[in-house]
Amino acid sequence: MIEKWIIFVIIIAAGLLAYLVKALTKSGALAAIFVGAAVMLGFNLEGLFLLGMFFVSSSIWSEYKKSVKKTMEEKLAKGATRDWRQVAANGGAAALFSLINFLQPNVIWLIAFAVSLASANSDTWASEIGSLSKKNPLFIRTFKPVERGTSGAISFLGTSAALAGALLIALFSLWLFHLHIFLAFLIFLFGFLGNVIDTLFGAFYQQLYMCSQCGIETERRIHCQKATLRIKGISYIDNDMVNFLSGFIAALLALSIVFLVV
């Protein structure tokens, strides 16, 4: 068995490497190291492996046909280099439940941990694969076609990808932690529900801006080197906050079911 201190050294090295290759900012690297260390404390190598499945699978789909997706990047707030907010958005809830489990071990925190990752994976797969749909998605507030990359929009391809992303984490949770099939099903179900919550928040509450220079609607606060104008959404509810809240809420909903039946 590999000593835990060696694993922590590897986690730190991985964070530094991500910073050096400009995959993460300095704050993003520190946040990634914290998330990895928290998961290791709470769920050991099995937890790190599950976290790695989310990271690797999502990264693969992010790189897939990247040139085709380039036209949508102007609409999105995220850039190629992720900061601490983006790391926390996808891994913050998982780190929180890991630390709680470290202090008070219980299968309920494992379910919450897995659901938060399933939600993040479901949402990422939906965004990265759904953006390749040949048809424009439908905005759920109006059910009218909108541009690909619009938050709060759905497509058949994106929804199918969301289901597959949640299923992947559920299956690996079943295998790694030897869970009952019912608990694995809950991880799948509420992982996908996290993506649904993300879509609803994106449509109704997430901020959207307009560039006064070129007129594009974007999630960015700065565009064309000028401050953009907020035209929709609630202050502080940006894409990162939506991602965190959707996974966290999905995990809490799953916990409520587990409390009733376990």
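Keep in mind the model is a prediction, meaning the values are calculated, not measured.
- The side-chain hydrogen bond (donor to acceptor under 3.5 Å, both in side chains) pairs that include a residue from residues 108-123 are S57-N121, S58-N121, N121-W125, where partners are two or more places apart or lie in different chains.
- Atom CG of residue N44 and atom CZ of residue F102 lie 10.0 Å apart, to the nearest 0.5 angstrom.
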Could you give the side-chain donor-acceptor pairs of residues 27-41 under 3.5 Å, partners two or more places apart or in another chain?
| residue | atom | partner | partner atom | Å |
| --- | --- | --- | --- | --- |
| S27 | OG | T25 | OG1 | 3.1 |
| S27 | OG | W84 | N | 3.3 |

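- The local environment of CZ in F156 is sparse, with at most 12 non-hydrogen atoms from other residues, nucleotides or ligands closer than 6.0 Å.
- Between I169 and A114, the shortest heavy-atom distance links the atoms CG2-O, 3.7 Å.
- Placement of L17 and V9 in two distinct hydrophobic clusters is found when ILVMFWY residues are connected by side-chain heavy-atom separations under 4.5 Å, directly or transitively.
- F43 and L45 fall within the same hydrophobic cluster, where Ile, Leu, Val, Met, Phe, Trp and Tyr residues are linked whenever their side-chain heavy atoms come under 4.5 Å apart, directly or through other members.
- Atoms CG and OG, from L132 and S127 in turn, are 11.0 Å apart once rounded to the nearest 0.5 Å.
- Here Q206 contributes atom CD and F201 contributes atom CZ; the two are 11.0 Å apart, rounded to the nearest 0.5 Å.
- Annotation: side chain of P137 is not in contact with side chain of I154 (no heavy-atom distance under 4.5 Å).
- Between Y64 and W61, the distance from one ring center to the other falls under 6.0 angstrom.
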Which donor-acceptor pairs under 3.5 Å do side chains of residues 174-199 form with protein atoms, sequence neighbours excluded?
| residue | atom | partner | partner atom | Å |
| --- | --- | --- | --- | --- |
| H180 | ND1 | F182 | N | 2.9 |
| T199 | OG1 | N195 | O | 2.9 |

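- Connection of L103 to L99 is established within a shared hydrophobic cluster, with ILVMFWY side chains joined at heavy-atom distances below 4.5 Å, either directly or through further cluster members.
- Cluster membership for I257 and I108, using ILVMFWY side-chain heavy atoms within less than 4.5 angstrom, is shared.
- In this structure, E128 CD and I60 CD1 are separated by 12.0 Å, a value rounded to the nearest 0.5 Å.
- With hydrogens and angles disregarded, a donor-acceptor distance shorter than 3.5 Å links the side chain of Q207 to the backbone of Y236.
- By the side-chain hydrogen bond (donor to acceptor under 3.5 Å, both in side chains) test, D238 is found to be paired with R85, residues two or more places apart in sequence or in another chain being considered.
- Residue K135 holds its NZ atom at 13.0 Å from CZ of R148, rounded to the nearest 0.5 Å.
- Between the side chain of N136 and the backbone N or O of P145, no donor-acceptor pair lies under 3.5 Å.
- In this structure, F54 and T124 have side chains that are in contact, with non-hydrogen atoms separated by less than 4.5 Å.
- Hydrophobic cluster membership of L20, counting Ile, Leu, Val, Met, Phe, Trp and Tyr whose side-chain heavy atoms lie under 4.5 Å apart directly or via other members: Y19.
- Criterion: ILVMFWY side-chain heavy atoms under 4.5 Å apart, direct or through other members. Under it, L16 and V21 are not part of a common hydrophobic cluster.
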Table please: side-chain donor-acceptor pairs of residues 243-251 below 3.5 Å, with sequence neighbours left out.
| residue | atom | partner | partner atom | Å |
| --- | --- | --- | --- | --- |
| N243 | ND2 | N239 | O | 3.4 |
| S246 | OG | V242 | O | 3.0 |
| S246 | OG | N243 | O | 2.9 |

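- Between the CG atom in L110 and the CD atom in E46 there is a gap of 10.0 Å [rounded to 0.5 Å].
- Between N101 and G42 the shortest heavy-atom distance is ND2-O, 2.9 Å.
- Atom OH of Y205 has 12 or fewer heavy atoms from other residues, nucleotides or ligands within 6.0 Å.
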